[in-house]
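Below is one structure; the comments refer to it alone.
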Amino acid sequence: MDALRERLRQRAVAGLTRSRRVTDGAQGAEQTVDGRRMLVFCSNDYLGLAADPRLVDAVRRGVSRYGVGSGAAHLICGHSHAHHALEEELAEFTGRERALLFSTGYMANLGVLGALLGRTDCLFEDRLNHASLLDGGLLARAPMKRYPHGDVAGLAGLLGAAEGQHKLIATDGVFSMDGDKAPLADLAAVAAEHAAMLMVDDAHGIGVLGPQGRGSVAAAGLDQTQVPILMGTLGKALGTAGAFVAGPEELIEALIQFARPYIYTTAMPAAIAEATRTSLQIAAEEEWRRERLFGLVQRFRQGARRIGLELLPSETPIQPILVGDSGVATSWAEALQRQGILLAAIRPPTVPKGGSRLRVTLSATHSPAQVEALLEVLAETAPATSA
Ligand SMILES: *Cc1c(COP(=O)(O)O)cnc(C)c1O
């Protein structure tokens, strides 16, 4: 415990202690946070489906048919009709042969990398990939090479020089802290050239990008041969919880047999699968949600430029404002909170030192007036160095 106390102290001295807030009520543009009404710009509920009444009804329907718990792992007796139907619908939605549900996106990434790679293989990852892709590589015990962010030529160099029986390139489709998109077409070309498998984690692309929200990979026009491993999460734009991997028959069968985070865990509640079937249908049909969302992204970017904020080149609902110093980012976020606006200050170790930022995420539930309110308070509270 002394050692832990010392580590905690060091983190506090560095001003990097993280803490939780207690929210109440349904997800939405406004939420009760620590007992106070706040305007929220940090949720991943991009399409505003997390509290949609049709999803709530679907959960109720699911609970009355299946009960609450799924009772066991998928391979024992936890794999319900609802799970199975959702897998078929996700395969169809993503244009892949088959799809497999995981309880979380974090576990899906551990599962894929652990099942497909071993000590004699080689894994290539973008420097800014999500923590779960990095941890998956560690668990697989495969040698890992990280290429500079979005640098396809750099990756090609590493691939050319690498040994390893199987090579796998893993990338976020949309980078979670910067909001930019991976150069998927170029990555697919380099993967084909070097006989490497390409895996895309589309946690922030599914539901948001591409025709009918089919994701970054569909937006880039890449099929199952070019991107054989597609991972998506259900807890962001789709508004529920869990994740899936979609791809060729052999991939999915191999995951069922070998992916330990699939095999040794309880299946997500069937009612959540039932609700996700509904949200998948809504996400595909209600194009107005994406139109509204991207209208808000444009409004925010124009307004932020007008008041002189430093934005990153992101075209997605993830809109970071670069601050630099972690202390400045924290005090800016606190000033915003005092004005009733909640957004996340992202600091090391999540981003590199000197890369601290305020991360704004937009949702179809925001109104244009709420985005204007955000811009107004940002302008009022901006630290001298940033405005
Ligand atoms: C959120 C996220 C995950 C993890 O998904 P969970 O379902 O929340 O565990 C994985 N990858 C990326 C890029 C993410 O943003």
Side-chain angles (χ1 to χ4, degrees), residues 18 20 27 42-47 49-50 83 86-87 90 94 99-114 123 125-140 146 149-150 168-182 184 187 198-209 213 215-217 219 227 229-246 255 259-262 265-269 272-273 275-276 279-280 283 312 314 316-320 344 346 349-351 357 359-363:
R18 301 164 187 247
R20 299 158 316 158
Q27 282 291 315
C42 48
S43 158
N44 302 311
D45 180 24
Y46 299 120
L47 298 181
L49 293 178
H83 293 110
L86 174 59
E87 288 182 345
L90 284 166
T94 54
L100 187 72
L101 290 175
F102 280 81
S103 296
T104 72
Y106 190 98
M107 292 166 77
N109 283 341
L110 297 193
V112 168
L113 297 174
L123 171 62
E125 295 217 17
D126 189 291
R127 212 156 245 303
L128 297 190
N129 273 354
H130 191 261
S132 55
L133 284 172
L134 302 174
D135 294 359
L138 296 177
L139 201 69
R146 294 174 72 181
H149 180 51
L168 191 151
I169 304 161
T171 182
D172 285 16
V174 172
F175 289 88
S176 52
M177 293 303 137
D178 287 42
D180 57 333
K181 302 174 200 169
L184 292 180
L187 288 171
L198 179 57
M199 169 178 187
V200 177
D201 171 341
D202 210 18
H204 298 278
I206 288 289
V208 174
L209 300 176
S216 316
V217 175
V227 179
I229 311 166
L230 171 58
M231 176 277 199
T233 59
L234 309 176
K236 292 179 175 141
L238 293 176
T240 60
F244 68 91
V245 176
L255 293 177
R260 296 167 66 87
Y262 179 76
T265 202
T266 302
M268 69 163 76
I272 296 298
T276 310
S279 72
L280 194 61
L312 296 181
S314 160
T316 70
I318 300 170
Q319 290 293 328
I346 310 284
T350 306
V351 290
R357 63 199 59 183
R359 181 172 176 271
V360 172
T361 54
L362 296 162
S363 161

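Index from 1, following the sequence. Counting convention: from 1, in listed order, for ligands and their atoms alike.
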Side-chain H-bond candidate by donor/acceptor type, H149 with D178, under 3.5 Å: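 Absent: no donor and acceptor within the cut-off.
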S103 versus T265, side-chain donor and acceptor atoms under 3.5 Å: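 On atom types as modelled, these side chains do not qualify, holding no pair under 3.5 Å.
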With sequence neighbours excluded, residues passing ring pair (Phe, Tyr, Trp, His ring centres under 6.0 Å) with Y262: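 Once residues adjacent in sequence are excluded, the partners of Y262 under the ring pair (Phe, Tyr, Trp, His ring centres under 6.0 Å) criterion are H74, F102.
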Main-chain N/O of Q319 paired with S314 side-chain donor or acceptor, under 3.5 Å: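 A pair under 3.5 Å: no.
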List below, pair by pair, the N or O atoms of ligand 1 and of the protein that are less than 3.5 Å apart, including the distance to 0.1 Å; reply 'none' if no pair qualifies.
from	atom 1	to	atom 2	distance (Å)
ligand 1	7 (O)	G105	N	2.7
ligand 1	9 (O)	G105	N	3.1
ligand 1	9 (O)	Y106	N	2.9
ligand 1	11 (N)	H130	ND1	3.4
ligand 1	11 (N)	D201	OD1	3.4
ligand 1	11 (N)	D201	OD2	2.5
ligand 1	15 (O)	H204	NE2	2.6
ligand 1	15 (O)	K236	NZ	2.6

Of all pairs that satisfy side chain to side chain donor-acceptor pair (under 3.5 Å), the ones with a partner from residues 127-138, not counting sequence neighbours: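 Qualifying pairs: Y106-D135, N109-S132, E125-N129, H130-S132.
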R359: salt bridge (Lys or Arg N to Asp or Glu O under 4.0 Å) partners, not counting sequence neighbours: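 Salt bridge (Lys or Arg N to Asp or Glu O under 4.0 Å) check on R359 returns nothing, list empty.
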